[in-house]
Undergrad: 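Provided herewith is a single structure, encoded as structure tokens, for subsequent inquiry.
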Amino acid sequence: MSASDAERNAAAQLPDGDVVAILLEQHARIRDLFAQISSTGHEARKRAFDELRALLAVHEAAEELVVRPVAKKTAGPQEADARNAEEREASKILKQLEGMDLSTPEFESALADFERAVSEHAEHEERDEFPALLAQCTQEQRISMGERLRKAERMAPTHPHPTATGKPAALRLTGPFAAMMDKARDALGR
């Protein structure tokens with residue numbers, strides 16, 4: 001069974017709207033998009049990369065705003081800080097990838113390294129953060145977190161912003177403006 005299938009199966013065992021289920025489904029989609037980017041032609045690759053970039057940007061922003069404050073209490077501050085540090089580094093790399101020509105060997109190499117880092121990050125969350133949330137938060141709390149996560153995603157930037165990533169206070173201040181600019185940029189196809 002692939003990692004994305006395992007994530008989908010684990011998500012299916014949880015109630016609809018549970019924050020952990022939502023994040024597991026997103027992890028599975030992220031893995032699928034990496035596979036698509038690696039196996040498709042230029043136009044399909046660009047579409048898949050654009051979807052991956054947007055999904056990672058909103059996913060990480062929403063995690064930082066909704067999940068990390070709770071994970072700091074349930075999994076511990078070291079765990080939450082480590083995940084934020086990984087997300088800060090991932091945002092920098094995603095920003096670099098965004099500026100590269102998708103058809104070059106340099107992009108393929110950088111993407112493969114990035115995929116490994118994202119996969120390791122997801123595994124840390126699934127092994128360390130998510131079990132703590134499941135054990136120490138009630139189902140109602142997790143569903144409430146899921147609702148807040150969805151709201152945060154709707155207001156989150158769709159492009160990487162390394163200066164705010166991993167810093168929830170900066171993200172709260174700059175996120176809505178950056179999201180507005182990113183959505184205008186996406187609509188204009190830039």
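Bear in mind the structure is a predicted one, so any value in this text is a computation, not a measurement.
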Undergrad: Taking side-chain hydrogen bond (donor to acceptor under 3.5 Å, both in side chains) as the test, write out the residues that go with N9, two or more places apart.
TA: none
Undergrad: Could you pull out all residues at least two apart from R47 that satisfy side-chain hydrogen bond (donor to acceptor under 3.5 Å, both in side chains)?
TA: none
Undergrad: Between V19 and V70, does the side-chain contact (heavy atoms from CB on, under 4.5 Å) criterion hold? Intermediate values first, please.
TA: CA-CA 11 Å; V19 69; V70 177; over 6 Å; no
Undergrad: Could you check whether any side-chain N or O of Q136 sits under 3.5 Å from a backbone N or O of T74, counting only pairs where one atom can act as donor and the other as acceptor?
TA: yes
Undergrad: Give a yes or no on whether V20 and M145 share a hydrophobic cluster (residues Ile, Leu, Val, Met, Phe, Trp, Tyr; joining criterion: side-chain heavy atoms under 4.5 Å apart).
TA: yes
Undergrad: Can you measure from CG (D50) to CG (L33) and round to the nearest 0.5 angstrom?
TA: 10.5 Å
Undergrad: Mark yes or no for whether S39, through its side chain, and A35, through its backbone, hold a donor-acceptor pair below 3.5 Å.
TA: yes
Undergrad: Is there a path of hydrophobic side-chain contacts, each under 4.5 Å between heavy atoms of I, L, V, M, F, W or Y residues, that connects L14 with L133?
TA: yes
Undergrad: If you look only at pairs with a residue in residues 17-29, which of them pass as a side-chain hydrogen bond (donor to acceptor under 3.5 Å, both in side chains), with sequence neighbours excluded?
TA: D18-R142, Q26-H59, Q26-E153, H27-H59, H27-E125, H27-E126, R29-E51
Undergrad: Measure the spacing between CG of L134 and CD of E129 and express it to the nearest 0.5 Å.
TA: 11.5 Å
Undergrad: Tell me the closest heavy-atom pair linking A80 and R68, and the distance in Å.
TA: O-CD, 3.5 Å
Undergrad: Holding to side-chain hydrogen bond (donor to acceptor under 3.5 Å, both in side chains), I want the full list of residues that pass it with D101, two or more places apart in sequence or in another chain.
TA: S103
Undergrad: In Å and rounded to the nearest 0.5 Å, what is the CZ to CE distance from R8 to M1?
TA: 11.5 Å
Undergrad: Quick one, E108 with R45, criterion salt bridge (Lys or Arg N to Asp or Glu O under 4.0 Å). Give me CA distance, side-chain angles, the key distance, then yes/no.
TA: CA-CA 11 Å; E108 289 182 23; R45 175 181 271 200; 3.6 Å; yes
Undergrad: Tell me if a side-chain donor or acceptor on R31 pairs with a main-chain N or O of A3 at a distance below 3.5 Å.
TA: no
Undergrad: Do V67 and I143 sit in the same hydrophobic cluster, where Ile, Leu, Val, Met, Phe, Trp and Tyr count as joined when their side-chain heavy atoms come under 4.5 Å apart?
TA: no
Undergrad: Taking it one step at a time, do L23 and L149 satisfy side-chain contact (heavy atoms from CB on, under 4.5 Å)?
TA: CA-CA 9 Å; L23 295 172; L149 184 92; 3.9 Å; yes
Undergrad: Please name the pair of heavy atoms, one in L111 and one in F34, separated by the smallest distance, quoted to 0.1 Å.
TA: CD1-CE2, 3.7 Å
Undergrad: For L65 and M155, run side-chain contact (heavy atoms from CB on, under 4.5 Å): C-alpha distance rounded to whole Å, both residues' side-chain angles, the deciding distance at 0.1 Å, then the answer.
TA: CA-CA 11 Å; L65 293 172; M155 295 174 26; over 6 Å; no
Undergrad: Give the minimum heavy-atom separation between A10 and L24, together with the two atoms involved.
TA: CB-CD1, 3.8 Å
Undergrad: Check side-chain hydrogen bond (donor to acceptor under 3.5 Å, both in side chains) between S144 and all other residues, then give those that pass, not counting sequence neighbours.
TA: R148
Undergrad: Dump the intermediate steps for salt bridge (Lys or Arg N to Asp or Glu O under 4.0 Å) on E86 and R83, then the final yes or no.
TA: CA-CA 5 Å; E86 291 167 357; R83 299 299 72 80; 2.5 Å; yes
Undergrad: As an exercise, state the distance from CZ of F130 to CD of E123, rounded to the nearest 0.5 Å.
TA: 12.0 Å
Undergrad: Could you measure the distance from the CZ atom of F49 to the CD1 atom of I37? Nearest 0.5 Å is fine.
TA: 6.5 Å
Undergrad: Would you kindly confirm whether L52 and V58 end up in one hydrophobic cluster when ILVMFWY residues are joined by side chain heavy atoms under 4.5 Å apart?
TA: no
Undergrad: Where is the tightest heavy-atom contact between D81 and K72, given as atom of each residue plus distance?
TA: OD1-NZ, 3.5 Å
Undergrad: Which atom names give the shortest non-hydrogen contact between A28 and S4, and what distance separates them?
TA: CB-O, 3.5 Å
Undergrad: Taking all non-hydrogen atoms of both residues into account, name the closest pair between L97 and A110 and its distance.
TA: CD2-CB, 3.6 Å
Undergrad: Any carboxylate oxygen within less than 4.0 angstrom of a Lys/Arg side-chain nitrogen, looking at E98 and R53?
TA: yes
Undergrad: Sort and list the pairs that fulfil salt bridge (Lys or Arg N to Asp or Glu O under 4.0 Å) and have at least one residue in residues 111-122, not counting sequence neighbours.
TA: D113-R116
Undergrad: For the residue pair E60 and L94, establish whether any side-chain heavy-atom pair is separated by less than 4.5 Å.
TA: no
